[in-house]
Peer 1: 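Before I ask anything, here is the structure I am working with.
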Amino acid sequence: MKSYDHHAVETKWQKVWLKKELGRANDAAKSEKCYILVEFPYPSGDGLHVGHVRSYTALDAVARKSRMQGKNVLFPMGWDAFGLPTENYALKTGIDPRVATKKNVDTFRSQMQRLGISFDWSREVNTTDPTYYRWTQWIFLQLLKHGLAYQATIPISWCPKDKTGLANEEVVGGKCERCGTPVERRLQKQWMLKITAYADRLLKDLDTVNYEERIKTQQVNWIGKSEGAEITFTIGDHDVTVFTTRPDTLFGATYLVLSPEHPLVNEITTPEQKNDVVTYQKKVANKSDLERQSLDKEKTGVFTGAYAVNPVNNENIPVWIADYVLMGYGTGAIMAVPAHDERDYEFAMKFQLPIRQVIRGTDEQKDVAYSGDGIVMNSGSFDGMQSREAKKKIVESLGDTAKLSVNYKLRDWVFSRQHYWGEPIPVVHCEKCGIVPVPEDQLPVELPMVEKYQPSGTGESPLAAIADWVNTVCPTCGNPAKRETDTMPNWAGSSWYFLRYTDPANTKEFASKKKLKHWLPVDLYNGGMEHTTLHLLYSRFWHKFLFDHGFVPTAEPYQRRVSHGIVLAADGRKMSKSFGNVVNPDELVEKFGADSVRLYEMFMGPFADMIPWDPQGIVGMRRFLQRVWNVAERVDAETSIADERAMNRTIMLISKGVDQLGFNVAVSEFMKWSNTWKEGEKVSRKEFEVFLKLLSPFAPHLAEELWSQLGNKTLVSLERWPTYDESLTKAADAKIAVQVNGKLRGTLVLPAGTEQEIVASNAMKLDNVKKFMTGEPRKTIFVKDRLINFVL
Ligand code: ANZ
Ligand code: ZN
């Protein structure tokens, strides 16, 4: 018997697939198109991670199955190659990031090929390629043209280690997403993208796509739509407007709180309070929003000395400043209702401010602020009303002083970075003309070669130091001008890469209308949960913008979005070099073969779950494949299919397994099936061929090899996916005799294999059985599929 030499088998078929361009998508095919996308990686110096392998093999199984079903599949891969690690590497070694990127990309590509992933290699894209980022810059210019890109000096999160500004999304738990350093606040001129202009549509259109529920929920919460009202109070000669989601509690407002940065603070503060107010402002100036809003932190604040008039009852209430009110949300000022808001309650308790209950809850009242709905009280003519109804009524009663309003948590996207290794922002600053976009026919603005990659730390990009690049002429007036030296964040290139795959070599447009129309939307998109409020949201925003201006044919880029669970180390921790617990896929592929690695990663658990690595798991998979290899020797054309019903059922389970991303279920079906082939017995060729076709998306090399060993001249990867007969997928019926005390009293027809409990409960319902069941059975005799006997 030929032994299972995975090296020989795998390299042989990988060559064949590459040569025959198994993965090649057809832009003009009439068959149903199917665009399957997996997030392209950042090609780091570490090579592929077993986490990458999990999602690539899973999506490869879907792509391979779809191809076998006769669909025209687009399953592309590329490189999201701008970013800090490569720049840091350049900083440390002096090696040009272009050189490092090329090396890393080559490693990633060959690793993917060694896993037998059937990507369409003719469509590879690389975000750092000038022919690619030319279009990233072009899209930026369209955003600029339509007022969605602008410069603003704002307090931003600043990472003191990476020496760069960060977007809200890049700050996780008050720390820099990349390096974990606590972020600081810093005033800096930044390029911003007005994603907030799309807040409502980004929210509403979630109803039109099929995303996993957890993904939708995260986006909904991130966009954070709040419906409420703006109400204006007067403070002496000044007006101050607050945003509240609970205008129904206006009679319970016993003080106002302004954010310490609110522009009115200086105007209204009394001379006696000036000192305290200024000291407090200084104290909180550098705190992050997260720190300021932390619930377990003791509330702090200072009285301004001023009083405001509550428009609903002309009551004078004190005005305070406190850091729990943020300048960047709503109007930067609140009406405090300590009886019904927990933060206000804590604050009022600490500073002995009055608390007035204005809503009676339907539930039992707790001692802390009741924040639910209920019946209005202590509110003049509104008493007795349902609080929900009172919201509108109170706002209406105030005329011009109040209006309903909507607020979003979503902030505009901080779009500039003070780094070298990113797309240059294609504008020129001219003293006479201001900000001038680089003419489209002069794109790309290429990154110049530099000697030093070091960020200056002054807030300027290293590009600022390259005088002959920075100094240019104004495209409008021809006078000397300076190039913008900030670069784009690494989220730029990935915001539209899926469009480029449809037409990667186009030099006239980012992709032709025809090809976009053929392929969009992406039918299935897999990526990490950590990208839900970053890349996934950003790319939906760009796509909607491009849609509005007629550049893409669909309002949403992705029809279905799913997310894989993280692969943890065997010790249950995150895999990390510093813990020394990283599993290297190359070593596993070498030792057990790509098919074993693929199967194990599919089998390890439900695709969406976080799963710790089990070193034994892969050994089991290798053993299973060896068993299949051995069976091939006993395949016989004369032998008939062992169990048609079982086979139909298995085809169904495996097909659904792939469609519903239940890969682990599918793999266990293969194992069950292989266990029905007894040692030394012949196996039906017809049955085994069906088995190989089904196995092919999971363990494609072995399936291809055994298929050819059977004498087939075709590729199993291009065979038709087996279909099943629905009626044969159900278990056969069994006729069951029902006895009481050994005498036949009825019969039941139930699916074969029905368990005792279910048979018993059905039997008890038969009239004739009821009649003879004069007491509780002392004993029940059960023979599966044949008989049940109640002994009284
Ligand atoms: C009075 C009130 C009474 C409130 C009550 C709540 C409960 P969301 O749902 O997150 O939008 N608020 C408004 N602007 C704020 C700011 N800049 N900084 C901190 N807090 C702010 O929350 C809206 C509520 O958060 C608003 O409604 C306001 O407090 C507070 F029983 O107004 B509420
Ligand atoms: Zn000019």
Side-chain angles (χ1 to χ4, degrees), residues 155 168 196 199-200 203 220-233 240-265 284 287-295 297 299-301 308 310-312 315 317 319-349 353-361 363 365-366 368-379 382 386-388 390-391 394-395 398 402-411:
N168 275 346
T196 52
D200 209 39
L203 186 67
V220 168
N221 292 341
W222 187 259
I223 296 167
K225 181 174 182 171
S226 267
E227 285 173 280
E230 284 181 7
I231 301 175
T232 303
F233 291 64
V240 62
T241 302
V242 303
F243 171 69
T244 176
T245 46
R246 296 298 302 266
D248 51 316
T249 63
L250 183 54
F251 284 86
T254 51
Y255 57 97
L256 284 195
V257 186
L258 307 190
S259 159
E261 300 86 2
H262 197 288
L264 265 187
V265 173
V284 301
K287 288 193 182 170
S288 72
D289 287 358
L290 193 96
E291 204 182 330
R292 286 170 57 157
Q293 296 233 295
S294 154
L295 283 176
K297 187 199 81 164
K299 295 275 167 298
T300 59
N310 185 340
V312 86
E315 196 174 17
I317 57 177
V319 181
W320 286 64
I321 60 170
D323 67 352
Y324 75 94
V325 176
L326 305 176
M327 196 56 222
Y329 186 68
T331 59
I334 67 157
M335 62 184 216
V337 184
H340 303 290
D341 181 284
E342 203 181 314
R343 292 161 305 175
D344 300 342
Y345 177 82
E346 281 172 27
F347 195 85
M349 292 301 280
L353 292 156
I355 300 174
R356 185 188 306 141
Q357 186 188 351
V358 290
I359 307 285
R360 193 182 310 113
D363 316 334
Q365 207 82 23
K366 291 173 269 140
V368 286
Y370 172 78
S371 61
D373 287 317
I375 308 292
V376 174
M377 58 190 280
N378 290 334
S379 300
F382 299 95
Q386 288 289 341
S387 57
R388 279 177 180 279
K391 279 186 182 176
I394 291 182
V395 172
L398 292 172
K403 63 171 203 285
L404 294 175
S405 89
V406 175
N407 250 290
Y408 295 90
K409 294 256 160 19
L410 187 69
R411 295 284 84 115

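Each ligand, and each atom within it, is numbered from 1 in the order the structure gives.
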Peer 1: According to the interplanar angle, ranging from 0 to 90°, do the rings of Phe347 and Trp320 count as parallel (below 30°), tilted (30 to 60°) or perpendicular (above 60°)?
Peer 2: perpendicular
Peer 1: Find out whether His262 and Val325 are in side-chain contact, i.e. whether some heavy atom of one side chain is under 4.5 Å from a heavy atom of the other.
Peer 2: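 With C-beta onward as the side chain, the pair stays apart.
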Peer 1: Which heavy atom of Ile223 sits nearest a heavy atom of Ala199, and at what distance?
Peer 2: CG2-O, 3.8 Å
Peer 1: Go through the side-chain N and O atoms of Ser387 and Asp373 and say whether any donor and acceptor fall under 3.5 Å apart.
Peer 2: yes
Peer 1: Give me the residue, atom name and distance of the protein heavy atom closest to atom 28 (C) of ligand 1.
Peer 2: Phe243 O, 3.8 Å
Peer 1: Between Tyr345 and Ala369, what is the shortest heavy-atom contact and its length?
Peer 2: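 Minimum heavy-atom separation between Tyr345 and Ala369: CB-CB, 4.1 Å.
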Peer 1: Answer with side chain, backbone, both or neither: which part of Thr245 has a heavy atom less than 4.0 angstrom from an atom of ligand 1?
Peer 2: both
Peer 1: May I ask which of Arg246, Arg292, Glu342 has a heavy atom nearer to atom 5 (C) of ligand 1 than the others do?
Peer 2: Arg246
Peer 1: Might you confirm whether atom NZ of Lys297 has over 12 heavy atoms from other residues, nucleotides or ligands at distances under 6.0 Å?
Peer 2: yes
Peer 1: Report the part of Thr244 in contact with ligand 1, treating N, CA, C, O as backbone and CB onward as side chain, heavy atoms under 4.0 Å; options are side chain, backbone, both, neither.
Peer 2: both
Peer 1: Which heavy atom in Ile317 sits nearest to a heavy atom in Phe233, and how many Å separate them?
Peer 2: CD1-CE2, 3.9 Å
Peer 1: Identify, for atom 14 (N) of ligand 1, the protein heavy atom at the shortest distance, and state residue, atom and that distance.
Peer 2: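 Minimum-distance protein heavy atom for atom 14 (N) of ligand 1 reads Ile334 CG2, 3.6 Å.
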Peer 1: Do ligand 1 and Leu326 have nitrogen or oxygen atoms that lie under 3.5 Å from each other?
Peer 2: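 Yes, since at least one N or O of Leu326 sits under 3.5 Å from an N or O of ligand 1.
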Peer 1: Going by distance only, is there an N or O of His340 that falls short of 3.5 Å from an N or O of ligand 1?
Peer 2: no
Peer 1: For atom 10 (O) of ligand 1, what's the nearest protein heavy-atom neighbour? Residue, atom name and distance, please.
Peer 2: Lys409 NZ, 2.7 Å
Peer 1: Specify the protein heavy atom at minimum distance from atom 30 (C) of ligand 1: its residue, its atom name, and the distance to 0.1 Å.
Peer 2: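 Of the protein heavy atoms, Arg343 NH2, 3.7 Å lies nearest.
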Peer 1: Give the atom numbers and elements of ligand 1 that come within less than 4.0 Å of a heavy atom of Tyr324.
Peer 2: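 Per the distance check, 18 (N), 19 (C).
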Peer 1: Ignoring hydrogens, what is the shortest heavy-atom contact between Asp344 and Met335? Give both atom names and the distance.
Peer 2: OD2-O, 4.0 Å
Peer 1: Which protein heavy atom lies closest to atom 6 (C) of ligand 1, and at what distance to 0.1 Å?
Peer 2: Asp341 OD2, 3.3 Å
Peer 1: Show the atoms of ligand 1 that are less than 4.0 angstrom away from any heavy atom in Ser226.
Peer 2: 8 (P), 9 (O), 11 (O)
Peer 1: Between Glu315 and Arg356, is there a salt bridge with N-O shorter than 4.0 Å?
Peer 2: yes
Peer 1: How far is atom 3 (C) of ligand 1 from its nearest protein heavy atom, and which residue and atom name does that atom have?
Peer 2: Thr249 OG1, 3.5 Å
Peer 1: If the threshold is 4.0 Å, N to carboxylate O, is there a salt bridge linking Arg388 and Asp248?
Peer 2: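 Salt bridge flag = no for Asp248 with Arg388.
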Peer 1: Looking only at heavy atoms, is any part of Val325 under 4.0 Å from ligand 1, and if so is it the side chain, the backbone, or both, or is it neither?
Peer 2: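 Both backbone and side chain.
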Peer 1: Can you tell which part of Met327 has a heavy atom less than 4.0 Å from ligand 1: side chain, backbone, both or neither?
Peer 2: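 None of Met327 does.
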Peer 1: For the 3.5 Å polar cut-off, considering only N or O atoms, please tell me whether Gln293 and ligand 1 meet it.
Peer 2: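 No, no N or O pair falls under 3.5 Å.
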